[in-house]
Amino acid sequence: MTNDKIHTITSINSYILIIFHTQVQCWQFRVISPGGDVSGELKIYYSAEAAETAGREWVEKKK
């Protein structure tokens with residue numbers, strides 16, 4: 001069993017931004033589009049704040 005944990009779920013302009021932590025990949029984000037597509041980057045972030053900033057920038061580019 002893993003200890004992956006969701007830190008934040010935020011709605012931005014009909015997109016859902018999820019910030020989560022895994023023991024293997026540190027902090028990451030995923031974005032769920034209004035149509036249900038899941039996207040994100042496979043980059044590693046060393047804080048929840050850094051992952052959230054990157055996720056918000058990702059959503060801004062999708063507008």
Return the minimal non-hydrogen interatomic distance between [X] and [Y], and the atom names on each side.
{"X": "Gln23", "Y": "Asn3", "value": "NE2-ND2, 3.3 Å"}
{"X": "Gln28", "Y": "Glu41", "value": "OE1-O, 4.4 Å"}
{"X": "Phe20", "Y": "Ile6", "value": "CB-CA, 4.0 Å"}

From [atom1] ([X]) to [atom2] ([Y]), nearest 0.5 Å:
{"X": "His7", "Y": "His21", "atom1": "NE2", "atom2": "NE2", "value": "10.0 Å"}
{"X": "Cys26", "Y": "Tyr45", "atom1": "SG", "atom2": "OH", "value": "12.0 Å"}
{"X": "Ile9", "Y": "Ile16", "atom1": "CD1", "atom2": "CD1", "value": "8.0 Å"}
{"X": "Ile12", "Y": "Leu17", "atom1": "CD1", "atom2": "CG", "value": "5.0 Å"}
{"X": "Ser11", "Y": "Ile32", "atom1": "OG", "atom2": "CD1", "value": "10.5 Å"}
{"X": "Ile18", "Y": "Thr8", "atom1": "CD1", "atom2": "OG1", "value": "10.5 Å"}

Any side-chain heavy atom of Trp27 within less than 4.5 Å of one from Ile19?
->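 Yes, side chains in contact.
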Is there a side-chain contact between Pro34 and Tyr15, using heavy atoms and a 4.5 Å cut-off?
->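 Of all side-chain heavy-atom pairs linking Tyr15 with Pro34, at least one is under 4.5 Å.
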Using the test salt bridge (charged side-chain N to carboxylate O under 4.0 Å, His left out), find all partners of Arg56 that sit at least two apart in sequence or belong to another chain.
->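 Arg56 satisfies salt bridge (charged side-chain N to carboxylate O under 4.0 Å, His left out) with Glu52 once adjacent residues are dropped.
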